[in-house]
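Whatever order the structure lists them in is the order used to number ligands and atoms, beginning at 1.
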Amino acid sequence: MKKTEARIEPYTHPAAGWGALKYVAINLIKEKVTGGNYRTLFSQNQPDGFDCPGCAWPDREHASTFEFCENGVKAVAAEATSKRVTPAFFAQHTVSELMAQSDFELEQHGRLTDPLLYDALSDRYVPIAWDDAFALIARHLNALDDPDHAAFYTSGRASNEAAFLYQLFVRMFGTNNFPDCSNMCHEATSRGLPHTVGVGKGTVTLDDFEHADTLLLFGQNPATNHPRMLGELRECAKRGATIVSINPLKERGLERFASPQHPVEMLTMGSTKISSVFIRPKVGGDFALIKGVAKRVIELDDAALLTGTERVLDVEFIAEHTVGFDAFAADLRAENWASIVAESGVPMDDILQLADIYAKGRAVIATWGMGLTQHKNSVPTVQILSNLMMMRGNIGRRGAGLCPVRGHSNVQGDRTVGIEEQPTQEFLDRLGEVYDFEPPREHGLDVVNTIQAMLDGRVKVFIGLGGNFSIATPDTPRSWQAMRACDLTVHITTKLNRSHLVHGRDALILPTLGRTEIDWQRGVAQGVSVEDSMSMVHISYGMNKPASPNLLSEIAIVAGMAHATLGSGKVDWLSHANDYALIRDGIAQVIDGFHDYNERLKHPGGFHLGVASRDRVWKTPSGKAQFLVHAISVDTPIHRARAQHGERLLTLMTTRSHDQYNTTIYGLDDRYRGVYGQRRVLFANREDIDILGFEPGERVDITSVWDDGIERRVDGFLLVEYDIPRGCLGAYYPETNPLVPLSSIADGAGTPTSKSIPVLLTRALEVLAA
Ligand SMILES: Nc1nc2c(c(=O)[nH]1)N[C@H]1C(S)=C(S)[C@@H](COP(=O)(O)OP(=O)(O)OC[C@H]3O[C@@H](n4cnc5c(=O)[nH]c(N)nc54)[C@H](O)[C@@H]3O)O[C@H]1N2
Ligand SMILES: Nc1nc2c(c(=O)[nH]1)N[C@H]1C(S)=C(S)[C@@H](COP(=O)(O)OP(=O)(O)OC[C@H]3O[C@@H](n4cnc5c(=O)[nH]c(N)nc54)[C@H](O)[C@@H]3O)O[C@H]1N2
Ligand SMILES: [Mo]
């Protein structure tokens, strides 16, 4: 994408609409997508096309109308680019030279074409034959004293088949060390929900959106991150449903939306109002806010009892399906309003308004994203939200339910098929029986613990199935030190990224097919399957010619590593790579819900995997949904830092711009927030800017406040006056990852607290020096 001039210019149009189409066009031209590949855009999310690699939002039956979405088009264009990073490119550039390029520049070089080995003498990557690469991996793995000295990362684009084969290989090798991107993402959901409703997944499907009358959207920016969700919200708004956005920022895309699927709306420059109410907690204030809403629901129910009007609580649901309600209600009654207001940052009137909306709703859906999951108290927050929904029986009923909105297109599926560092004994038993081996029983390492183990010399080999580990992770200097301490780092990848440059003593880049590409095995085009955010499983077939004849599929790479490391005595790895149906047969035997997997994938749109809580079957120890009691925490690192530094201490949340996909930087604009041509910006409230004695437009350095004596700072951020609550700041990830301390994690989930970083600002050193 051409760089735009750096400027700040508030955006005044509806989200999507013409703006989106113009951007889409620019993108396609930028990527110089070759003629034939345009058709891929029209096969996206179609019954016989490929699953969009953009996000995990589901599609309507993989329906007849082409679901046009800017996010998907960018993801597809990025994969279908005609630019190539060949061995000749690496002959021209040393790794040190490439390190000086930005993530945006690295992304622009295009698709990797050949397997590569790092050569320390010349500081360059040089070509290596596939078999030699597999042999090198096997040599390193088999030389370890203990299989736990290796870690196997997964990013959420890997298909069910690739992920299942990968975890089988790794467990046969002997470890449960499966750090994955969910550890940094929706882990609070996956770890928190099982304790209340028994399953760590959402309970709704798209059909429920047709019947909901109230939608509560917590901590999400769908116009950028899940644009197809806006289409669904537009329908809800048109029907008259009440949509509330609960977010410190008033995200533009949640105000008005012009649907690209509806030409009339586009032609008339019309748009649909999405959210009618904006509730704006301070960053990290959701737990207290939801507790306040729940407390108010009890008060409203008390009043109803007195006046003899309809109860606000769903007493039947509570009696039949839940345990722990009395303790929960007693705790809510005892909670004081002053602390709810102070800790949520939401005025009392707004809390009452939200409670009223919730109490009036006959069918309520609660959705949530990273705004809830990347804080220290994220597990209690997800749990109290689930409890709030249980108070009125809003789970397992038409038009109502829990809707965590996942990120990567198959992040949910990867967990389902075994990418899990804390597997259940039941899963391991089944896996061991079906494949005739004794799986490792000890729990493995998540992302943060993997980095710590590398720093301590306990993990020496890192293998990454996709992703960009060294820059997506927190505490960048520590993460880099960790990667560089490894004996071997391996990346299975489509495009060049930072992690390839921050490498171990030996290092391999293994280029793979993207999801848009035809995957030929022995003359038969193979499909792979994925599970979306609403537990629908469907098949995906690539359409494009592979970016290079020397690419292997992820499955073939996993099979190659496994065959070289373990031999094919127990599992015939290579025949699994020749016919993916065999892998699906294995999944069907090991994991519930996948019976007749190959057959059921033939159904257009696939099948629903089944989620017990959706059917009001509670897989908890008591067999009931559980109300859980948690206090509002008033002694967090942020509270302690504020006690020390007073009003100068601010809470930073790190988020996505419109022109990035996680660590992949497509461009330098964030148009709905009015930012162009730059990324090092810091959104701040005007009063805070004034109190600190700065001016908007000045450059500042950001330092985190942590108790381990390590200085964590990033420099030269442009201060932008923004409509954000007092005491809060916003900036983009991954530039701000050096500020997130490795040990700052969500209790009970291990998620880096990338939306709750205590920081101080100082005038930029570069400015002071000038
Ligand atoms: N184009 C694009 N699409 C993507 C991605 C991408 O990078 N680019 N990433 C994918 C992935 S992996 C994921 S996980 C999803 C992420 O999608 P989202 O969950 O939307 O993630 P973010 O953009 O990080 O942050 C979301 C929102 O949280 C709000 N927020 C911050 N702190 C708080 C808080 O304390 N409380 C509340 N209530 N809100 C808060 C922010 O203002 C922001 O609007 O998107 C997926 N889709
Ligand atoms: N500060 C801060 N940090 C965060 C977050 C935040 O909000 N703030 N968000 C967190 C979240 S939600 C997530 S999910 C993680 C993301 O962490 P990751 O999943 O590790 O990162 P991505 O940027 O999605 O990975 C992009 C890379 O994947 C590779 N790739 C793309 N497509 C394919 C494919 O089909 N196959 C293979 N093998 N490789 C492919 C490309 O090389 C590309 O460079 O970051 C987390 N980090
Ligand atoms: Mo994510």
Side-chain angles (χ1 to χ4, degrees), residues 53-57 70-72 74-75 78-79 103 106-107 112 153-159 162 180-186 217-227 245-251 253-254 279-286 289 368-375 381 405-409 411 447 464-474 491-500 510-517 554 557 651 653-664 666 724 728 730-737 739-740 751-757:
C55 74
W57 187 258
E70 183 180 354
N71 196 10
K74 282 177 178 167
E79 197 166 289
D103 295 318
L106 292 179
E107 163 66 18
L112 291 153
Y153 180 66
T154 311
S155 170
R157 268 200 203 179
S159 63
D180 76 333
C181 70
S182 356
N183 297 149
M184 300 182 273
C185 184
H186 255 294
L217 319 178
F218 285 90
Q220 252 197 288
N221 182 21
T224 287
N225 297 321
H226 304 92
S245 166
I246 298 113
N247 194 317
L249 304 185
K250 205 168 172 184
E251 298 284 22
L254 289 170
I279 302 287
R280 305 184 57 193
K282 66 181 181 186
V283 167
D286 301 83
L289 168 66
W368 69 96
M370 297 300 100
L372 286 203
T373 60
Q374 297 176 330
H375 304 280
T381 304
V405 182
R406 308 255 171 195
H408 273 298
S409 51
V411 62
V447 163
L465 180 58
N468 194 355
F469 189 84
S470 71
I471 191 94
T473 51
H491 293 281
I492 299 160
T493 182
T494 51
K495 294 182 96 175
L496 181 61
N497 70 37
R498 183 74 50 198
S499 298
H500 311 148
L510 304 181
T512 188
L513 294 174
R515 203 181 282 167
T516 57
E517 289 164 324
E554 289 180 347
I557 294 172
T651 307
M653 58 106 156
T654 61
T655 188
R656 293 153 170 79
S657 84
H658 194 69
D659 278 355
Q660 73 183 87
Y661 193 93
N662 298 335
T663 67
T664 301
Y666 298 132
I724 185 171
C728 304
Y732 303 129
Y733 123 83
E735 287 81 348
T736 43
N737 265 342
L739 295 172
V740 187
T751 316
T753 59
S754 35
K755 294 212 181 3
S756 276
I757 317 168

Consider every N or O of Y153 and every N or O of ligand 2, then say whether any pair is closer than 3.5 Å.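 N/O-N/O distance under 3.5 Å: yes.
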
Test of proximity, R515 against ligand 2: N or O pairs below 3.5 Å: no

Pairing of R157 and E79 as salt bridge, 4.0 angstrom limit: yes

Which residue in the set T473, T751, V447 passes side-chain contact (heavy atoms from CB on, under 4.5 Å) when paired with N183? V447

Parallel, tilted or perpendicular for H408 and Y661, by the 30°/60° rule?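 Correct class here is tilted.
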
Which ligand 2 atoms, with their elements, are less than 4.0 angstrom from a heavy-atom of [X]?
{"X": "G466", "value": "37 (C), 38 (N), 39 (N)"}
{"X": "N737", "value": "1 (N), 2 (C), 3 (N)"}
{"X": "K495", "value": "42 (O)"}
{"X": "T512", "value": "36 (N), 37 (C), 38 (N)"}

So if I only count non-hydrogen atoms and take anything under 4.0 Å from ligand 1, which residues does that give, chain by chain?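 Only N71, C185, G219, Q220, N221, T224, N225, H226, I246, N247, P248, L249, E251, V283, G284, D286, G369, M370, G371, H375, G407, H408, M653, T655, R656, Q660, Y661, N662, K755 have heavy atoms that fall under 4.0 Å of ligand 1, ordered by chain and number.
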
Using the test side chain to side chain donor-acceptor pair (under 3.5 Å), find all partners of T753 that sit at least two apart in sequence or belong to another chain.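 If we apply the side chain to side chain donor-acceptor pair (under 3.5 Å) test to T753, skipping adjacent residues, the hits are S744.
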
Could a heavy atom of I492 be found less than 4.0 Å from some atom of ligand 2?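 Yes, that is the case, since the closest heavy atom of the residue is under 4.0 Å from the ligand.
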
Cation over ring, R656 on Y666, under 6.0 Å and within 45°?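 Verdict for Y666: no cation-pi partner in R656.
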
Looking only at side-chain N and O atoms, does D286 offer a donor or acceptor that is under 3.5 Å from a partner on H375? no

Contact partition for H491 relative to ligand 2, non-hydrogen atoms under 4.0 Å: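 H491 to ligand 2: no contact under 4.0 Å from either part.
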
Output the distance between atom NZ (K755) and atom CE (M653), rounded to the nearest 0.5 Å. 7.0 Å

To check you understand the geometry: which heavy-atom pair defines the closest contact between L465 and A158, and what is its length?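 The pair with the smallest heavy-atom distance is CD2-CB, 3.8 Å.
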
Run the ring-centre check on Y732 versus H658 and record whether the distance is less than 6.0 Å. no

Is the closest side-chain heavy-atom distance between I471 and D103 below 4.5 Å?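 Of all side-chain heavy-atom pairs linking D103 with I471, at least one is under 4.5 Å.
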
